[in-house]
Asker: 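Below you'll find the structure I mean.
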Amino acid sequence: MFHSSPQAVLDAFLSVVATFKPIDVIDVLILTGVIYLLLKLIRETRAGQLVKGIIFLVAGYFISKALDLKVVSYLLQKTLSMGVLAIIILFQPELRRALEKAGRSKFGIRLFGLGINSNEMKEKWTPAIDAICDSCVELSASCTGALIVVERQVRLGEQIETGTILNATPSKEVFGNIFYPKTPLHDGAVIMRDGIILAASCFLPKPAKDALINKKLGSRHRAAIGMSENSDAIVIVVSEETGQISVAINGELTRDYTRDKLRLLLEDQILNDKTEISIGKKKLFSSRSERRKKEK
Ligand SMILES: Nc1ncnc2c1ncn2[C@@H]1O[C@H](COP(=O)(O)OP(=O)(O)OP(=O)(O)O)[C@@H](O)[C@H]1O
């Protein structure tokens with residue numbers, strides 16, 4: 001029987017303190033970190049509703065137990081024990097994104113040695129950045145729609161499989177040919193890896209909350225937002241309608257890039273490996289912040 005008198009609580013507390021070892025601090029810190037990440041994941045996804053449902057089921061289980069409702073408590077117990085599997089299936093995209101995010105964090109990259117030496121990056125990407133900037137300016141002037149994905153730590157094999165492998169050295173002529181209307185590869189996105197045009201005509205994922213996005217944005221811009229939400233890729237869009245150059249990073253689309261601003265951003269992001277946009281651009285759409293506002 002549990003005695004909850006103040007003396008019993010104090011005794012229990014003192015016995016915990018007496019047996020506390022330095023390793024327990026690490027134990028507590030890890031548990032705190034896991035709980036913090038879970039709460040963050042729940043806040044940022046539709047998991048919040050599910051957690052409310054689980055609390056409802058747990059409360060129902062204890063009430064039915066207390067009232068000795070055998071069948072109801074048996075059914076609730078079985079439902080709850082299957083809950084873990086259901087959560088994994090229902091939240092597969094969110095769990096996957098969270099694990100990918102952990103893997104591409106600075107700690108994860110260092111831990112698994114995935115970082116690429118900066119000289120190597122410069123060698124591979126400097127001519128590619130030139131080609132992207134030159135091409136975007138030309139495509140913009142002729143109002144030719146374009147979608148260019150720069151792959152970073154997260155591999156985009158799933159999207160690459162939907163397109164056609166090219167392995168081409170980037171240049172404004174090659175980009176011009178790919179995106180020229182009515183040619184076989186103009187539809188879809190180009191994916192670049194290690195400074196090379198790896199594939200063209202690739203299909204990109206939709207944003208998680210398509211309905212919350214500015215209605216003025218068409219499918220090309222939405223695909224750019226979706227791809228940048230699902231990975232750490234930089235996605236460059238040239239609008240067929242207005243010729244405007246936009247960039248999506250981390251689910252946020254920023255617009256009105258000139259050649260110089262685009263070059264600055266790409267150098268900053270790719271060569272200096274910045275994870276956030278560092279030039280002062282007005283955000284047209286912020287999927288995460290907008291989502292949070294709507295969910296409040
Ligand atoms: N999921 C996707 N993955 C890759 N490319 C896509 C995707 N959705 C649309 N596109 C590309 O965008 C084109 C359609 O663009 P749409 O006019 O709907 O978009 P938009 O954002 O209004 O762009 P624009 O300003 O260029 O008109 C398609 O022909 C295709 O090339």
Asker: Quick one, Cys143 with Val238, criterion side-chain contact (heavy atoms from CB on, under 4.5 Å). Give me CA distance, side-chain angles, the key distance, then yes/no.
Answerer: CA-CA 8 Å; Cys143 279; Val238 180; over 6 Å; no
Asker: Answer whether the closest heavy-atom distance between the side chains of Phe175 and Asp134 falls below 4.5 Å.
Answerer: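 They are not in side-chain contact.
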Asker: Identify which one of Thr258, Leu262, Leu264 satisfies the side-chain contact (heavy atoms from CB on, under 4.5 Å) criterion when paired with Asp260.
Answerer: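 Exactly one candidate clears the test, Thr258.
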Asker: Please find the pair of heavy atoms, one from Gly251 and one from Glu229, that lie closest to each other, and give the distance.
Answerer: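 Where Gly251 meets Glu229 most closely, the heavy atoms are CA-CG, 3.6 Å.
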Asker: Tell me the closest heavy-atom pair linking Ile196 and Ala168, and the distance in Å.
Answerer: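 Nearest heavy atoms, Ile196 then Ala168: CG2-O, 3.5 Å.
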Asker: Inspect the surroundings of OH in Tyr180 and state if more than 12 heavy atoms from other residues, nucleotides or ligands are less than 6.0 Å away.
Answerer: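 No, because the 6.0 Å sphere around OH of Tyr180 holds 12 heavy atoms or fewer from other groups.
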Asker: Minimum heavy-atom separation for Phe179 and Leu147, please, with both atom names.
Answerer: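 Taking every non-hydrogen atom into account, CZ-O, 3.3 Å.
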Asker: Where do Ile160 and Ala199 come nearest, in terms of heavy atoms and distance?
Answerer: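 Minimum heavy-atom separation between Ile160 and Ala199: CG2-CB, 4.0 Å.
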Asker: Using side-chain heavy atoms (C-beta onward) and a distance below 4.5 Å, is Thr254 in contact with Leu265?
Answerer: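 Thr254 vs Leu265: side chains apart.
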Asker: Under 6.0 Å from the CD1 atom of Ile23, do we count more than 12 heavy atoms belonging to anything else shown?
Answerer: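 For Ile23, atom CD1 is not crowded (no more than 12 foreign heavy atoms under 6.0 Å).
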Asker: Considering all heavy atoms of both residues, which atom of Glu158 and which atom of Thr162 are nearest to each other, and what is their separation?
Answerer: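 In this case the closest contact between Glu158 and Thr162 is O-CG2, 3.6 Å.
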Asker: Could you report the tightest heavy-atom contact between Ser140 and Gly243, atom names first, then the distance?
Answerer: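 Looks like OG-O, 2.6 Å.
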Asker: For side-chain contact (heavy atoms from CB on, under 4.5 Å), just list the numbers for Ser246 and His221, CA-CA rounded to whole Å, side-chain angles, deciding distance to a tenth of an Å, and then say yes or no.
Answerer: CA-CA 8 Å; Ser246 307; His221 291 83; 4.1 Å; yes
Asker: Would you check if Gln269 and Arg152 make a side-chain contact, meaning some heavy-atom pair closer than 4.5 Å?
Answerer: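 Touching, per the 4.5 Å side-chain cut-off.
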Asker: Would you find a donor on one side and an acceptor on the other, under 3.5 Å apart, between the side chain of Arg222 and the backbone of Leu217?
Answerer: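 Between the backbone of Leu217 and the side chain of Arg222 there is a qualifying donor-acceptor contact (under 3.5 Å).
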Asker: For the CD1 atom of Ile165 and the SG atom of Cys202, what is their distance to the nearest 0.5 Å?
Answerer: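 Between atom CD1 of Ile165 and atom SG of Cys202 there are 7.0 Å.
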Asker: Going by heavy atoms in the side chains, are Ile191 and Val150 under 4.5 Å from each other?
Answerer: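 Heavy-atom side-chain distance check fails, nothing below 4.5 Å.
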Asker: Any link between Val137 and Ile178 through a network of hydrophobic side chains (Ile, Leu, Val, Met, Phe, Trp, Tyr) touching at under 4.5 Å?
Answerer: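 The answer is no; the residues belong to distinct hydrophobic clusters.
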Asker: Just by modelled atom types, is the Lys70 backbone N or O under 3.5 Å from a matching donor or acceptor in the Ser73 side chain?
Answerer: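 Yes; at least one donor-acceptor contact below 3.5 Å.
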Asker: To the closest 0.5 Å, what do you measure between CG (Leu253) and OG (Ser228)?
Answerer: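 Leu253 atom CG to Ser228 atom OG measures 8.0 Å (nearest 0.5 Å).
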Asker: Heavy atoms, side chains only, cut-off 4.5 Å: are Met227 and Pro205 in contact?
Answerer: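 SC-SC contact between Met227 and Pro205 confirmed.
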Asker: Can you check whether Ile236 reaches Tyr257 side chain to side chain, under 4.5 Å on heavy atoms?
Answerer: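 Not touching, per the 4.5 Å side-chain cut-off.
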Asker: Flag yes if Leu75 and Leu57 sit in one hydrophobic cluster, no otherwise; membership is Ile, Leu, Val, Met, Phe, Trp, Tyr, and two members link when side-chain heavy atoms are under 4.5 Å apart.
Answerer: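 No, it is not one cluster - the side chains of Leu75 and Leu57 are not joined through contacts under 4.5 Å.
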Asker: Do Met82 and Leu85 sit in the same hydrophobic cluster, where Ile, Leu, Val, Met, Phe, Trp and Tyr count as joined when their side-chain heavy atoms come under 4.5 Å apart?
Answerer: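 Result: no, two separate clusters.
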Asker: Treat each ILVMFWY residue as a node, draw an edge where side-chain heavy atoms are under 4.5 Å apart, and state whether Leu29 and Phe20 are in one component.
Answerer: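 Yes; Phe20 is reachable from Leu29 via cluster members.
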Asker: Rounded to the nearest 0.5 Å, what separates atom CG in Leu76 from atom CG in Leu69?
Answerer: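 Going from the CG atom of Leu76 to the CG atom of Leu69 covers 9.5 Å.
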Asker: Applying the 4.5 Å side-chain criterion to the ILVMFWY set and letting contacts propagate, would Val72 and Val58 be lumped into a single cluster?
Answerer: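 Cluster IDs for Val72 and Val58 match.
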Asker: How far does SG of Cys133 sit from CD of Glu267, to the nearest 0.5 angstrom?
Answerer: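 Rounded to the nearest 0.5 Å, the SG-CD separation comes to 7.5 Å.
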Asker: Is any side-chain heavy atom of Val174 closer than 4.5 Å to a side-chain heavy atom of Thr169?
Answerer: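 Answer no - side chains too far apart.
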Asker: Side chains of Asp256 and Gln244 only: does a donor on one sit below 3.5 Å from an acceptor on the other?
Answerer: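 Side chains of Asp256 and Gln244: pair found under 3.5 Å.
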Asker: What's the separation between atom CZ in Arg155 and atom OG in Ser231, rounded to the nearest 0.5 Å?
Answerer: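 One finds 12.0 Å between CZ of Arg155 and OG of Ser231.
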Asker: Distance from Lys124 atom NZ to Thr126 atom OG1, nearest 0.5 Å?
Answerer: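 Separation between the atoms: 12.0 Å.
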Asker: Do Thr19 side-chain atoms and Val16 backbone N/O form a donor-acceptor pair below 3.5 Å?
Answerer: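 Yes; judged by distance alone, with no hydrogens or angles, the pair exists.
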Asker: Does any part of the side chain of Phe203, heavy atoms only, come nearer than 4.5 Å to the side chain of Gln159, both counted from C-beta?
Answerer: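 No; the side chains remain at least 4.5 Å from each other.
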Asker: Checking Leu67 against Ile63 for the side-chain contact (heavy atoms from CB on, under 4.5 Å) test, could you report, in this order, the C-alpha distance in whole Å, the side-chain angles of both residues, the deciding distance, and whether it holds?
Answerer: CA-CA 6 Å; Leu67 297 175; Ile63 292 169; 3.9 Å; yes
Asker: Look only at the side chain of Glu240 and the backbone of Thr144, and say whether a donor-acceptor pair between them is shorter than 3.5 Å.
Answerer: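 Checking the backbone N and O of Thr144 against the side chain of Glu240, no donor-acceptor pair under 3.5 Å is found.
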Asker: Return yes if some donor-acceptor pair links the side-chain N/O of His186 with the main-chain N/O of Thr183 below 3.5 Å, else return no.
Answerer: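 Yes: the side chain of His186 pairs with the backbone of Thr183.
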Asker: Would you tell me whether Asn177 and Glu173 have side-chain atoms, one donor and one acceptor, within less than 3.5 Å of each other?
Answerer: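 No pair is found: no donor N or O on one side chain lies under 3.5 Å from an acceptor on the other.
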Asker: Okay, side chain of Asn167, backbone of Leu198: is any donor-acceptor separation there less than 3.5 Å?
Answerer: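 Here the side-chain-to-backbone pair does not exist.
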Asker: Which residue is it: Val237, Ile234, Leu266, Val235? I am looking for the one with a side-chain contact (heavy atoms from CB on, under 4.5 Å) to Val247.
Answerer: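 Among the candidates, only Ile234 passes.
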